[in-house]
Structure formats: C-alpha cells, structure tokens
Amino acid sequence: PLCSSVSSVVNAPPLRFKYSPGSQRTQTFPSPLTSVSFSLMPEIYVSTDVETDGPCPGLNSMLSVASAAYLADKTLIGTFSANLEMLPGASSHPETMKWWETQTEAWAACRQNLQSPEQAMQEYVVWLKGLPGKPVFVGYPVVFDYMFVQWYLHKFTGSSPFSFYALDIKTYAMALLKKDYTDTVKSVMPKRWFDGLPHTHLALDDAIEQGALFCNMLMEHNERELKE
C-alpha cells in the first residue's frame with residue numbers, strides 16, 4: 001500500500017529478512033510522494049554486482065545482476081536479483097569462459113530462472129524507484145559493474161535511476177588508507193572492515209558482501225570526522 005507521507009517511509013523500522021544464495025528475489029518499496037523534494041531524501045547505497053560472459057556490454061552479455069540497498073548505518077533495506085538471457089547477436093569472450101569453467105556452481109546458478117533483458121531491467125527500475133531515498137550505485141570495481149548496468153538500463157528502459165551517481169569502493173579505500181590505487185587491494189585492508197560474509201560469485205551474495213564492506217568504511221570515516 002502507498003504510504004501517507006515520506007516520513008513514514010524514511011523513519012519506518014528497517015526491513016530485515018533472510019535470503020537464499022542464488023535465489024531470484026525482488027523486494028519492492030512504496031514510492032515516496034512526488035511533491036517532496038528529492039534533496040530531502042537520504043542516500044541509499046545500492047551495492048551492485050554483475051556476472052557476465054565478457055568484458056564489454058553489447059559485445060558480451062550480462063548473465064546476472066543483483067543489488068543490495070543499504071542505509072549509511074549498514075541497515076540492509078532490500079535486495080534485487082535476476083538472471084538474464086544472453087543478448088541476441090552477442091558472443092562470449094574466450095578468456096571469460098575459461099574462468100567460468102572454474103566456477104561451475106556459480107555458472108549453474110546464474111543460468112536458472114532466466115528472464116529477458118527487457119523484463120529484468122524494467123523490474124529493476126521499478127525496484128530502484130521504490131527505494132525510500134536517492135539511489136547511489138556502489139561497485140567494486142565500479143567501472144565494470146556500472147558500465148554493464150547503465151548500458152542495459154538505457155538499452156532496455158531508455159533511462160537510468162542512477163543518473164551519474166556512482167561510488168567505487170576501491171577508490172574510497174585508497175583515500176582512507178592513503179595508498180596508491182594499484183596497491184589498494186583487499187589483502188591490505190583492515191580486517192575490521194570485513195564482516196565475514198561469503199563472496200561466491202553469485203551476484204546477490206557478492207552485492208551484500210561488498211555493500212557491508214562499503215558501509216563499514218563509511219562509518220569509520222564518519223567517526224574519524226567527529227573526532228577531528
């Protein structure tokens with residue numbers, strides 16, 4: 001049901017639920033009233049992971065996409081995931097397919113319950129627009145996942161709710177650790193940033209895991225700012 005005010009969306013108790021790795025789940029939200037200023041709404045950090053059969057959208061296909069929507073305090077307020085049919089006329093990249101041969105379980109999972117790209121991206125837009133705040137894309141690395149998601153959104157829906165709002169976790173870590181970009185890898189990041197969540201190459205698992213990582217980094221940064 002539609003909510004009576006935006007505050008009832010923003011201040012509602014956080015939605016928490018269990019998920020099954022590899023399952024296809026869409027969690028929708030009531031849409032905020034259009035009369036309320038977009039600038040008054042909180043940022044929603046939409047940690048997103050894609051699995052593909054190559055490095056370039058259009059030439060290659062996005063096999064699955066998943067997002068985990070977080071508030072800044074690491075409250076997980078919803079998830080989206082879908083497995084997609086391959087693009088007509090596209091091809092699989094040989095090197096990527098060699099890698100997939102080492103990930104048989106993840107490959108099998110992303111080839112189940114397939115949807116057309118049109119259907120999947122239209123449902124994704126509905127989910128994104130229903131979030132109780134401004135969606136900010138979060139990726140690791142953002143250049144890869146954002147590239148595929150934006151191409152598919154514009155190709156199959158004509159626009160993107162993300163606009164040009166996107167954050168790269170690796171770049172954020174580089175700034176926090178004061179290291180060169182190429183030296184900023186997970187092995188040098190503080191263990192306190194990691195919650196021990198699985199990274200399985202199932203898109204939903206990885207979106208949740210990297211979203212928690214980002215929120216831990218964000219909260220630590222904000223705590224530093226308060227102390228200074």
Side-chain angles (χ1 to χ4, degrees), residues 17-27 45-70 74 76 78-87 90-117 120-121 123-124 127 137-153 166-173 182 184-189 191 193-217:
F17 54 88
K18 295 181 179 180
Y19 73 96
S20 301
S23 65
Q24 304 303 296
R25 295 186 181 274
T26 302
Q27 177 64 47
Y45 298 105
V46 184
S47 173
T48 302
D49 183 77
V50 304
E51 301 299 334
T52 75
D53 66 357
C56 183
L59 297 178
N60 312 120
S61 299
M62 183 166 68
L63 306 175
S64 60
V65 57
S67 292
Y70 285 91
K74 205 169 64 173
L76 177 62
T79 65
F80 176 93
S81 65
N83 291 337
L84 283 67
E85 297 170 353
M86 294 180 181
L87 294 171
S91 60
S92 299
H93 193 280
E95 292 301 317
T96 304
M97 297 313 296
K98 285 182 182 179
W99 177 82
W100 273 117
E101 290 175 3
T102 70
Q103 306 291 327
T104 54
E105 290 185 12
W107 174 263
C110 78
R111 297 295 80 206
Q112 298 175 4
N113 304 314
L114 300 180
Q115 297 177 265
S116 69
M121 301 319 288
E123 291 180 0
Y124 188 42
W127 180 81
F137 191 102
V138 177
Y140 192 134
V142 73
V143 65
F144 182 77
D145 301 274
Y146 183 79
M147 173 177 61
F148 268 90
V149 170
Q150 286 291 84
W151 191 94
Y152 270 74
L153 284 171
L167 283 167
D168 181 45
I169 297 174
K170 184 180 176 77
T171 303
Y172 193 37
T182 53
T184 305
V185 293
K186 288 184 177 179
S187 61
V188 304
M189 296 179 188
K191 291 183 179 180
W193 288 358
F194 297 89
D195 287 355
L197 297 170
H199 189 90
T200 62
H201 300 299
L202 300 180
L204 184 55
D205 283 350
D206 295 357
I208 290 173
E209 182 255 352
Q210 70 186 24
L213 168 62
F214 170 76
C215 288
N216 288 336
M217 294 163 59

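For this chain, numbers begin at 1 and follow the sequence in order.
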Could I get the full list of side chain to side chain donor-acceptor pair (under 3.5 Å) partners for [X], not counting sequence neighbours?
{"X": "Gln210", "answer": "Ser47"}
{"X": "Tyr140", "answer": "none"}
{"X": "Trp107", "answer": "none"}
{"X": "Asp53", "answer": "Ser92"}

Side chains of [X] and [Y]: closer than 4.5 Å at any heavy-atom pair?
{"X": "Val185", "Y": "Lys170", "answer": "yes"}
{"X": "Asp168", "Y": "Val143", "answer": "no"}
{"X": "Thr52", "Y": "His93", "answer": "no"}
{"X": "Val142", "Y": "Ile169", "answer": "no"}
{"X": "Tyr172", "Y": "Leu213", "answer": "no"}

Could you list the donor-acceptor pairs under 3.5 angstrom formed between side-chain atoms of residues 56-64 and any protein atom two or more places apart in sequence or on another chain?
| residue | atom | partner | partner atom | Å |
| --- | --- | --- | --- | --- |
| Asn60 | OD1 | Cys56 | N | 3.0 |
| Asn60 | ND2 | Ser91 | O | 2.8 |
| Ser61 | OG | Leu87 | N | 2.9 |

What closest approach, in Å, do [X] and [Y] show between heavy atoms, and which atom pair accounts for it?
{"X": "Met189", "Y": "Ala173", "result": "CE-CB, 3.7 Å"}
{"X": "Thr48", "Y": "Ser67", "result": "OG1-OG, 2.8 Å"}
{"X": "Cys110", "Y": "Trp100", "result": "SG-CH2, 4.2 Å"}
{"X": "Trp127", "Y": "Thr79", "result": "NE1-O, 3.4 Å"}

Quiz item: Looking only at atom types and distance, does a side-chain atom of Arg111 sit under 3.5 Å from a main-chain N or O of Leu84, one as donor and one as acceptor?
Solution: yes

Quiz item: Okay, side chain of Asp49, backbone of Ala207: is any donor-acceptor separation there less than 3.5 Å?
Solution: no

Quiz prompt | Phe194 vs His199, side-chain contact (heavy atoms from CB on, under 4.5 Å): CA-CA, chis, key distance, verdict | solution = CA-CA 11 Å; Phe194 297 89; His199 189 90; over 6 Å; no

Any chance you could measure [X], atom [atom1], to [Y], atom [atom2], to the nearest 0.5 Å?
{"X": "Asp195", "Y": "Asn216", "atom1": "CG", "atom2": "CG", "answer": "4.5 Å"}
{"X": "Leu153", "Y": "Trp151", "atom1": "CG", "atom2": "CH2", "answer": "11.0 Å"}
{"X": "Glu51", "Y": "Leu204", "atom1": "CD", "atom2": "CG", "answer": "11.5 Å"}
{"X": "Tyr45", "Y": "Leu76", "atom1": "OH", "atom2": "CG", "answer": "15.5 Å"}
{"X": "Gln115", "Y": "Asn83", "atom1": "CD", "atom2": "CG", "answer": "8.0 Å"}

Self-check item: Residues that Tyr70 engages under ring pair (Phe, Tyr, Trp, His ring centres under 6.0 Å), provided they are two or more places apart
Solution: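 Applying ring pair (Phe, Tyr, Trp, His ring centres under 6.0 Å) to Tyr70 gives none.
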
Quiz prompt | Ion pair check, Lys98 and Glu95, cut-off under 4.0 Å | solution = yes

Quiz prompt | Name of the residue among Phe80, Tyr152, Phe137 meeting ring pair (Phe, Tyr, Trp, His ring centres under 6.0 Å) with Tyr124 | solution = Phe80

